[in-house]
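Have a look at the structure below, then the notes.
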Amino acid sequence: MRAAGAVVLATAIGLAVRSRLQPIDVAMFYLLAVVFVASRSSRGPATFAGITTVALFDFLFVPPYYTFSVLDQSYVVSFAVMFLIALLMSQLTGRIREQALDAVERERQTNALYQMTRELAVAPDSRAQVSIAAQHIGRAAGGEATVLLLDRLPGGAGTPEWPHEGPLVSIDVRMAATWAVEHREAAGWSAVHGADAEALVVPLKSPTRIVGIAVARPEALESRLSETQLRTVEALAEQAAIALERTGRSPL
C-alpha cells in the first residue's frame, strides 16, 4: 500500500509538471519515491516500486506518450540506470533498516536478560524462580508461559511422560516438547521443527543437562516471532536453567 501510494503521488506530480520539465527531470520524482518506500518497507515493496516507476516513466513521460515504444534509444540507457539506482537504493536502505531493527532487538534481549537475572538472584527458592522464568519467557514470546521441571515428571530427564493437560494438552505440543528435549532446541510455534503446534517449547538447558521446558502460548498464533525474538526466548530459558540448577532440586 505504501509503495503504491508513493508511486501514484510521484506520477501525479510528474504529470502536473510534464509540460515544463524534461523527462529525465521527472525521473527524479520516481527515484525519490523509491528511496522513500525502501526506507520504510522491506525489499519486496521497494523492488516493486522500482520496476513500476520505470514502466510508468516510459509509458507517461517518454515520447511518444501512452506507449512503451521508445523513439530515442538513449532513453533505454536511462531506464537501465534508473532501475539499477532504484534497486541499489532499495538494497542499501533495506539493509540499514534491518540492522537498526536488529540493534533494537538486541537491546531488548540484553534488558530482558538483565531484569530476569536480577530477579532470579534474589528469589528465595526454586518455586519462585520457576514463576519468574515463566513470566519473563512468556513476555518475550508475546503471550503466557509455563515452566515444567523434568525431575517433577514421570520418566524424569530420560524420556518424560508429558501430562495430557494444561499447556501440553495438544498432541502437537507434546511432540514438540519431546523433540525439544531430545535435540536441545526449541520446537513448535515460531520454530523450524513442529511449527504447526500452537505453542513454542523451549528447553531449559544448563551446560550439563536439560533442567526442564518452557511452554509459551502466544496471544496471536499468526504473528510469529522473528529470529532475534526467538533467540531472546532461548537465552532467557538457558539463564533460567542455570539459576535453577544452582538452587538445586528444592521441592515445588
Side-chain angles (χ1 to χ4, degrees), residues 109-219 221 224-225 227-252:
Q109 182 186 80
T110 301
N111 183 61
L113 282 169
Y114 170 75
Q115 293 294 336
M116 190 185 74
T117 301
R118 186 175 64 175
E119 293 180 28
L120 289 173
V122 297
D125 51 35
S126 59
R127 179 180 306 188
Q129 289 178 329
V130 165
S131 177
I132 291 169
Q135 178 183 0
H136 283 272
I137 292 172
R139 184 184 304 147
E144 296 183 352
T146 301
V147 172
L148 301 175
L149 301 184
L150 297 190
D151 59 6
R152 295 293 150 183
L153 298 173
T159 304
E161 296 179 16
W162 306 116
H164 292 202
E165 57 186 7
L168 296 174
V169 66
S170 167
I171 187 172
D172 289 335
V173 178
R174 293 198 298 273
M175 291 175 62
T178 299
W179 197 94
V181 170
E182 291 178 350
H183 295 82
R184 300 175 62 91
E185 294 181 10
W189 173 78
S190 286
V192 175
H193 185 86
D196 292 335
E198 59 269 31
L200 173 67
V201 182
V202 185
L204 274 63
K205 54 184 180 182
S206 72
T208 58
R209 65 189 181 97
I210 300 292
V211 177
I213 60 170
V215 185
R217 289 183 172 272
E219 293 182 355
L221 283 173
R224 304 179 72 82
L225 298 179
E227 184 177 346
T228 305
Q229 289 171 323
L230 181 58
R231 288 200 302 268
T232 298
V233 174
E234 292 174 329
L236 290 170
E238 289 186 18
Q239 190 62 39
I242 294 172
L244 285 164
E245 190 171 48
R246 287 175 179 172
T247 301
R249 300 180 180 182
S250 301
L252 293 180

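All of these numbers come straight from a predicted model, not from anything done at the bench. When a residue number appears, it is its place in the shown sequence, counting from 1.
- Closest approach of Pro160 to Leu153, counting heavy atoms only: CB-CD1, 4.3 Å.
- Here the side chain of Arg174 pairs no donor or acceptor atom with the backbone of His164 at under 3.5 angstrom.
- Taking the side chain as every heavy atom from C-beta outward, Trp162 and Val181 approach each other to under 4.5 Å.
- Residues Leu225 and Thr232 have side chains not in contact (no heavy-atom distance under 4.5 Å, counting atoms from C-beta outward).
- Nearest heavy atom pair, residue Pro203 against residue Ile210, reads CB-CD1, 4.0 Å.
- Heavy atoms only, all atoms of each residue included: Leu168 and Ala177 are closest at CD2-CB, 4.2 Å.
- The OG1 atom of Thr178 sits 10.5 Å away from the CD atom of Glu161 when rounded to the nearest 0.5 Å.
- Looking at every heavy atom in both residues, Ala216 comes nearest to Pro218 through O-CD, 3.7 Å.
- Just one residue in the list Gln239, Glu245, Glu238 forms a side-chain hydrogen bond (donor to acceptor under 3.5 Å, both in side chains) with Ser206, and that residue is Glu245.
- For Glu227, the salt bridge (charged side-chain N to carboxylate O under 4.0 Å, His left out) partners are Arg231, not counting sequence neighbours.
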For residues 129-149, dump all side-chain donor-acceptor pairs below 3.5 Å to protein atoms at least two apart in sequence or in another chain.
unit_1 : atom_1 : unit_2 : atom_2 : d
Gln129 : OE1    : Thr247 : OG1    : 2.7
Gln129 : NE2    : Thr247 : OG1    : 2.8
His136 : NE2    : Glu119 : OE1    : 3.2
His136 : NE2    : Glu119 : OE2    : 3.2

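- The shortest non-hydrogen separation linking Leu204 to Ala240 is CD2-CB, 4.3 Å.
- Counting heavy atoms from C-beta on, the side chains of Leu236 and Leu113 come closer than 4.5 Å.
- Between Trp189 and Glu198, every side-chain heavy-atom pair lies at or beyond the 4.5 Å cut-off.
- Enclosure of atom CD1 in Ile171 is not indicated, since only 12 or fewer non-hydrogen atoms of other residues, nucleotides or ligands lie within 6.0 angstrom.
- Looking only at side-chain heavy atoms (C-beta outward), Gln115 and Asn111 come within less than 4.5 Å of each other.
- To the nearest 0.5 Å, the span separating CG on Leu221 from CG on Asp196 amounts to 10.5 Å.
- Pairing each heavy atom of Arg224 with each of Ala195, the nearest pair is NH2-CB, 3.4 Å.
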